[in-house]
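Before we start, here is the structure in question, set down as structure tokens.
Values below: every heavy atom of this structure, side chains too, minus hydrogens, waters and symmetry copies.
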Amino acid sequence: MASASLPESEGDIPFTPSLPSQSSYFNPISPFTDVFDRFNQWRTDLGLPHPGTVENLQKEVKATHLTNYMFDGARADLTKSLSTSPLFQVTHSFALGSQTIPSSYNFGAVFANEHVFLQGGVDHEGNVNARYNQGWSEKNVSKMQAQFSSQATQNMIQLEHEYQGQDFSLNAKAINPWPTDMTGIFVGSYLQSFTKNIALGFETLFQRPSPDTSELTTSYLAKYTSTDKNSIATAQIQAAGVLQATYWQKLSDKVEVAADLQLIATPARRDALATLGAKYDLRLSTFRAQIDSTGKVSALLEQRFAPAFAFLVSGEIDHFKNAAKVGVGVMIESGPMTPEEMGTAPPQI
């Protein structure tokens with residue numbers, strides 16, 4: 001039996017559900033969010049590159065010069081990797097015979113995975129240092145550094161947070177903060193790309209050693225990066241009358257050169273220091289050479305005889321003071337432990 005249906009008249013209109021009426025309430029924040037969204041879209045369309053961070057403003061120059069690599073006397077670094085994923089390794093470091101620092105032993109450990117980086121060390125006098133990085137996302141990283149010593153004046157704790165946007169970087173840190181009286185050292189920095197080659201920024205330092213004493217200083221930063229990324233120039237001007245300018249250039253895949261100029265023009269002191277350096281990366285060795293305006297000539301050779309063994313020789317001659325320093329060192333690395341070393345080897349059948 002066919003079902004009967006009511007005929008529709010020609011004038012019938014199909015039923016359409018009514019939409020909820022919009023509230024007449026005016027959101028005072030909406031105009032600002034619209035402007036902010038349009039501003040972000042405009043910045044995205046510009047395609048400005050990330051300028052890096054203020055902390056790494058002179059990263060390439062420091063990697064070329066010998067300032068962070070020079071040593072004298074004898075040293076040995078023995079590293080054992082216990083795991084690769086996640087990374088976990090321990091290091092025994094020995095140093096003796098130096099003209100500038102006393103002989104020492106340091107034990108260190110490093111743990112790292114995709115989001116966490118942990119590093120710690122203790123020396124033969126009981127001084128402890130630690131470092132902790134927590135990556136919340138690709139743009140947000142929190143950091144903490146601490147140093148504890150038997151001398152109260154050398155104890156230090158530093159809290160830091162870094163945010164890296166598409167074309168800028170923002171950093172805030174507090175050194176030895178004390179929340180009850182708000183004493184400590186507070187640093188804030190910002191670096192912004194204005195074109196595809198030029199970035200400008202500032203770094204503000206607020207020192208408050210006591211509730212009754214405070215000081216605020218600001219330095220201004222500039223960075224130029226060539227389109228092919230093979231040359232970088234930076235400048236930093238401090239309100240106290242200090243100017244530092246650097247230039248780094250990659251001449252080839254194996255040769256890099258860098259220059260550093262520091263000018264001090266204050267009522268109490270007028271001085272300048274210029275440093276030139278070069279780095280040569282060969283197949284199994286790296287050679288660094290450096291000369292500055294004080295008459296110091298330095299060189300460092302790192303020769304790898306095997307992937308896990310390296311021999312280092314460093315030397316420095318001060319022509320004005322008629323002094324010289326020489327250093328030799330070894331670096332030995334070993335891979336993760338085998339199942340036999342860990343005691344988990346499968347039984348032999």
Worksheet item: Does Leu170 share a hydrophobic cluster with Phe202, counting links as ILVMFWY side-chain heavy atoms below 4.5 Å and allowing steps through other members?
Response: yes

Worksheet item: In this structure, are over 12 heavy atoms from other groups packed under 6.0 Å from Tyr280 atom OH?
Response: no

Discussion item. If I take atom CG from residue Leu221 and atom OG1 from residue Thr234, how far apart are they, to the nearest 0.5 angstrom?
Written reply: 9.0 Å

Discussion item. I need the minimum non-hydrogen distance between Phe111 and Pro86, along with the two atoms involved.
Written reply: CE1-CG, 3.6 Å

Worksheet item: Between Tyr105 and Phe94, is a ring-ring contact (aromatic ring centres under 6.0 Å, His included) present by the stated rule, with each step listed?
Response: CA-CA 5 Å; Tyr105 163 76; Phe94 305 86; 5.1 Å; yes

Fill in: Hydrophobic cluster membership, Val313 vs Val330, 4.5 Å side-chain cutoff
yes

Worksheet item: Heavy-atom distance under 4.5 Å between the side chains of Thr100 and Lys325, does that happen here?
Response: yes

Item to complete: Tell me, yes or no, whether the heavy-atom count around Asn322 atom CG, taken from other residues, nucleotides or ligands under 6.0 Å, exceeds 12.
Response: no

Discussion item. Is any side-chain heavy atom of Ser193 closer than 4.5 Å to one of Lys196?
Written reply: no

Fill in: Distance in Å, Ser314 OG paired with Leu312 CG, rounded so as to fall on 0.5 Å steps
8.0 Å

Worksheet item: In terms of hydrophobic clusters joined by side-chain contacts under 4.5 Å, are Ile237 and Leu261 together?
Response: yes

Practice prompt. Would you sort out whether Asp260 and Thr246 count as a side chain to side chain donor-acceptor pair (under 3.5 Å), showing the intermediate values?
Written response: CA-CA 4 Å; Asp260 184 4; Thr246 65; 5.9 Å; no

Worksheet, complete the sentence: Sorted by chain and residue number, the ring-ring contact (aromatic ring centres under 6.0 Å, His included) partners of Phe168 (sequence neighbours excluded) come out as Tyr163, Tyr190

Discussion item. Among Glu256, Lys59, Lys250, which residue satisfies the side-chain contact (heavy atoms from CB on, under 4.5 Å) criterion with Thr64?
Written reply: Glu256

Worksheet item: Are Leu57 and Lys223 side-chain neighbours, meaning at least one heavy-atom pair lies under 4.5 Å?
Response: yes

Item to complete: List the steps and the verdict of side chain to side chain donor-acceptor pair (under 3.5 Å) for Asn171 and Glu55.
Response: CA-CA 9 Å; Asn171 183 280; Glu55 183 180 4; 5.2 Å; no

Fill in: Partners meeting side-chain hydrogen bond (donor to acceptor under 3.5 Å, both in side chains) with Ser169 (sequence neighbours left out)
none

Discussion item. Determine whether Val90 and Phe107 satisfy the following criterion, side chain to side chain contact (heavy atoms under 4.5 Å, CB included), listing intermediate values before the conclusion.
Written reply: CA-CA 7 Å; Val90 296; Phe107 172 79; 4.0 Å; yes

Practice prompt. Might you confirm whether atom CZ of Phe311 has over 12 heavy atoms from other residues, nucleotides or ligands at distances under 6.0 Å?
Written response: yes

Worksheet, complete the sentence: Heavy-atom closest pair (Gly295 atom, Phe320 atom, distance to 0.1 Å) is N-CE1, 4.0 Å

Item to complete: Determine whether Leu300 and Phe71 make a side-chain contact, defined as any pair of heavy atoms from C-beta on separated by less than 4.5 Å.
Response: yes

Discussion item. To the closest 0.5 Å, what do you measure between CG (Leu263) and OG1 (Thr266)?
Written reply: 12.0 Å

Worksheet item: Is there a side chain to side chain donor-acceptor pair (under 3.5 Å) between Glu162 and Gln164 once you walk through the steps?
Response: CA-CA 7 Å; Glu162 186 175 87; Gln164 299 189 20; 2.9 Å; yes

Discussion item. Is there a side chain to side chain contact (heavy atoms under 4.5 Å, CB included) between Ser214 and Phe206? Walk through the geometry before answering.
Written reply: CA-CA 7 Å; Ser214 62; Phe206 178 72; 3.8 Å; yes

Discussion item. Would a single hydrophobic cluster contain both Ile101 and Leu66, if residues Ile, Leu, Val, Met, Phe, Trp and Tyr are joined by side-chain heavy-atom contacts under 4.5 Å?
Written reply: no

Practice prompt. Determine whether Leu301 and Ser285 make a side-chain contact, defined as any pair of heavy atoms from C-beta on separated by less than 4.5 Å.
Written response: yes

Worksheet item: Mind checking whether His319 and Val297 have side chains closer than 4.5 Å, heavy atoms only?
Response: yes

Item to complete: Start with the C-alpha gap between Asp212 and Ser210, add the side-chain angles, then the distance that decides, and say whether side chain to side chain donor-acceptor pair (under 3.5 Å) holds.
Response: CA-CA 5 Å; Asp212 301 329; Ser210 64; 5.6 Å; no

Discussion item. If I compare all heavy atoms of Ser219 with all of Gln238, which pair ends up nearest, and what's the gap?
Written reply: CB-CG, 3.8 Å

Worksheet, complete the sentence: side-chain contact (heavy atoms from CB on, under 4.5 Å) filter on Val116, not counting sequence neighbours, yields Asn113, Leu118, Tyr132, Gln134

Worksheet item: What's the shortest heavy-atom distance between Ser81 and Gln89, and which atoms?
Response: OG-OE1, 3.6 Å

Worksheet entry | Pairwise distance OG(Ser252) to NZ(Lys254) - rounded to 0.5 angstrom | 8.0 Å

Identify all side-chain donor-acceptor contacts of residues 141-149 below 3.5 Å with residues at least two apart in sequence or on another chain.
from	atom 1	to	atom 2	distance (Å)
Ser142	OG	Trp136	NE1	2.7
Ser142	OG	His161	ND1	2.9
Gln147	NE2	Gln154	O	3.3
Ser149	OG	Asn127	OD1	2.9
Ser149	OG	Gln151	N	3.3

Worksheet item: Leu200 and Tyr224: same hydrophobic cluster, using ILVMFWY side-chain contacts below 4.5 Å?
Response: yes

Worksheet item: Pick one: which of Gln303, Lys279, Arg304 meets side-chain contact (heavy atoms from CB on, under 4.5 Å) with Thr286?
Response: Lys279

Item to complete: Not counting sequence neighbours, which residues clear side-chain contact (heavy atoms from CB on, under 4.5 Å) with Asp228? List them please.
Response: Ser226, Asn230

Worksheet item: Can any side-chain N or O of His65 pair as donor or acceptor with the backbone N or O of Thr67 at less than 3.5 Å?
Response: no

Worksheet item: Counting only heavy atoms not in Met156, do more than 12 sit closer than 6.0 Å to its CE atom?
Response: yes

Discussion item. Would Arg288 and Tyr69 count as a cation-pi pair here, with the cationic atom under 6.0 angstrom from the ring centre and within 45° of the axis?
Written reply: yes

Worksheet item: What's the verdict on side chain to side chain contact (heavy atoms under 4.5 Å, CB included) for Thr225 and Lys229, showing C-alpha distance, side-chain angles and the deciding distance?
Response: CA-CA 6 Å; Thr225 306; Lys229 311 295 184 182; 3.9 Å; yes

Worksheet item: Is there a donor-acceptor contact under 3.5 Å linking the side chains of Thr91 and Ser93?
Response: no

Worksheet item: Is Ser189 close to Thr204 at the side-chain level, that is, under 4.5 Å between some pair of heavy atoms?
Response: no

Discussion item. For a quick test of reading the model, state the closest non-hydrogen atom pair linking Asp167 to Gln192 and the distance between them.
Written reply: O-NE2, 3.1 Å

Worksheet item: Between Thr84 (side chain) and Leu87 (backbone), is there a donor-acceptor pair under 3.5 Å?
Response: no

Fill in: Which residues share a side-chain contact (heavy atoms from CB on, under 4.5 Å) with Leu273, sequence neighbours left out
Thr275, Asp292, Ser293, Thr294

Worksheet item: Hey, are the side chains of Gln290 and Met70 touching, using non-hydrogen atoms and a 4.5 Å cut-off?
Response: no

Worksheet, complete the sentence: For Val61 and Ala259 the tightest heavy-atom approach is CG1-O, 4.5 Å

Fill in: Stepwise side chain to side chain contact (heavy atoms under 4.5 Å, CB included) check, Ile185 with Leu205
CA-CA 7 Å; Ile185 301 176; Leu205 172 65; 3.3 Å; yes

